[in-house]
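Start at 1 and go down the list; that is how both ligands and their atoms are numbered. All values derive from a computational prediction rather than experimental measurement.
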Amino acid sequence: MKKNYLLTPGPTPLPPQVCEALGRPIIHHRTPQFQALLKEASEGLKYVYQTKQDVFILASSGTGVMEAAAVNLLSPQDTVITVQGGKFGERWTEICSAYGINTEIINVEWGKAVEPKAIKERLKANPKIKAVFTTLCETSTGVASDIKAIGEVVKDTEAVLVVDAISGLGAIDLQTDAWFCDVVICGSQKGLMLPPGLGFISVSSKAWELIENSKCPKYYFDLKEAKKALDKTDTPFTPAITLIIALCEALKMMKQDGLANIFLRHRKMAEATRKAVKALGLELFAPTAASDVVTAVCVPKDLDGEKLVKVMRDTYAVTIAGGQSELKGKVFRIAHMGFIEEFDIIAGISCLEKVLSQMGYDFVLGAGVKAAEEEFLKNT
Ligand SMILES: *Cc1c(COP(=O)(O)O)cnc(C)c1O
């Protein structure tokens, strides 16, 4: 028998309150009972999103809601900017291309954050650009973008700003309204402490204007239908009832903690993780733009990075993530978002040390745990 530690950037561990809600008997969705829950969930999401706009709840993984954003805002042959500094930025380009939308790609070196200036210049060069697709936390590299600065750049143009905040929302600050984010997308299985299966999307009035004129094909993900339904506290199709009940519990917890405390907790865990791996002589993959959501660490030369992740998981039941695409085998990623706490990080670092030691990596045993503990002590 082994106790599992889940330190992956989605899914993340579930709090007991959420697990309990997931085990409740199903109820029917066209009832006052469910309507009250849908209302509670929608209001709670506005708190987490820091918005007064509607936030729609769709039954889908995060990527489905990314697709919903593209097909609702745009028409084939429209031109948009996509910011590509990792696997999830690339996904924006792939989704747009699938619908015949032209993409002007801003390529960013993996591990670096996009310069808002680069977006500004592209927008200036082509005033026909309809949307700018960005990522709050590029989960494949651990990099956080300066969405506030990007919002300042996009707000005075015709384009709308679309933010993939799937892994960052509810972990690091994202002020949807104050930062002029027109469309913000999230998924349930990362900072929001739920199983996968729900996607969320906020829509500004500037974005609704585009939606009115969009000609991309859509049916299930038609946001106009979603709005008609939500105005009556309803959904166009059968919602993921149980997940929405669990969402209410997760949102209750987040409201009780307060966003400021939640962000501070993520900051502490990230800082402790960064200090710990550095104390082990390891290098951060994104030293200049590291997010407080997930930390990507370079695998030292001569070490098998995939084996490291595999042994931690299969032998000790501590699951971290490896690298994706071009970073496969080159980095490992430790998540510190959602229902992950101080002592989960300590356990993760401890296991990392154990396996590094077994693999013959040269370091002072305990140095990582010590550095993490010192960081946590500093902040209490
Ligand atoms: C996880 C993630 C996605 C993909 O979400 P799915 O729920 O797997 O579809 C997209 N973007 C970012 C930044 C993510 O972290």
Side-chain angles (χ1 to χ4, degrees), residues 6-14 45 48-49 56-71 82-96 98 108 110-114 132-147 150 161-174 176 181 183-202 220-221 240 243 246-247 250 266 270 285-286 289-296 319-325 327 331-340:
L6 191 57
L7 296 167
T8 53
T12 58
L14 305 179
L45 283 170
V48 177
Y49 265 71
F56 299 94
I57 304 172
L58 307 176
S60 161
S61 91
T63 306
V65 186
M66 292 171 75
E67 182 159 336
V71 301
T82 55
V83 177
Q84 271 188 197
K87 188 177 153 69
F88 294 106
E90 287 177 357
R91 190 162 297 178
W92 278 131
T93 310
E94 289 164 8
I95 290 170
C96 289
V108 182
W110 287 36
K112 298 264 163 64
V114 65
V132 179
F133 289 94
T134 62
T135 315
L136 171 63
C137 170
E138 177 47 80
T139 315
S140 61
T141 61
V143 165
S145 294
D146 187 351
I147 297 296
I150 297 171
L161 173 58
V162 183
V163 184
D164 167 2
I166 292 174
S167 76
L169 197 89
I172 55 177
D173 200 13
L174 178 68
T176 302
C181 303
V183 172
V184 174
I185 288 149
C186 191
S188 50
Q189 78 274 28
K190 311 222 172 163
L192 299 193
M193 310 182 288
L194 295 162
L198 290 182
F200 314 107
I201 181 167
S202 69
Y220 181 71
F221 284 133
L243 288 174
L247 170 63
H266 285 80
F285 180 70
S291 72
D292 293 336
V293 178
V294 55
T295 296
T319 307
I320 61 170
Q324 296 166 288
S325 306
L327 292 180
V331 302
F332 60 85
R333 294 171 299 147
I334 302 174
H336 26 72
M337 67 172 115
F339 193 60
I340 293 176

For atom 13 (C) of ligand 1, the option (of Leu136, Thr139, Ile185, Val294) bearing the nearest heavy atom: Thr139
For ligand 1, the portion of Arg91 having any non-hydrogen atom under 4.0 Å away: side chain
Taking atom 3 (C) of ligand 1 as the reference point, the nearest protein heavy atom with its distance: Phe88 CE2, 3.4 Å
Side chains of Val162 and Ile185 in contact at under 4.5 Å (non-hydrogen atoms): yes
Minimum-distance protein heavy atom relative to atom 2 (C) of ligand 1: Lys190 NZ, 2.5 Å
Side chain to side chain, Val65 and Phe200, heavy atoms closer than 4.5 Å: no
side-chain hydrogen bond (donor to acceptor under 3.5 Å, both in side chains) partners for Asp173, two or more places apart: Gln50, Gln175
Proximity flag Cys137 to ligand 1, non-hydrogen atoms under 4.0 Å: yes
Numbering as shown, the atoms of ligand 1 that approach Ser61 to under 4.0 Å (heavy-atom distance): 6 (P), 7 (O), 9 (O)
N/O donor-acceptor pair under 3.5 Å between Thr82 side chain and Thr93 backbone: no
Within-cut-off N or O pair, Gly64 and ligand 1, under 3.5 Å: no
Ligand 1 contacted by Gln189 (non-hydrogen, < 4.0 Å): yes
Step-by-step side-chain contact (heavy atoms from CB on, under 4.5 Å) determination, Leu192 to Val48: CA-CA 9 Å; Leu192 299 193; Val48 177; 4.1 Å; yes
Thr319 side chain vs Leu6 backbone, donor-acceptor pair below 3.5 Å: no
Closest protein heavy atom to atom 12 (C) of ligand 1, given as residue, atom name and distance to 0.1 Å: Asp164 OD2, 3.4 Å
Under 3.5 Å: N/O of Thr135 near N/O of ligand 1: no
Leu58 side, atom CG; Glu67 side, atom CD - distance, nearest 0.5 Å: 11.5 Å
Ile166 contact mode with ligand 1 (heavy-atom cut-off under 4.0 Å): side chain
Heavy-atom check, side chain of Ser61 versus side chain of Pro196, under 4.5 Å: no
Atoms in ligand 1 with a heavy atom of Thr63 nearer than 4.0 Å: 4 (C), 5 (O), 6 (P), 9 (O)
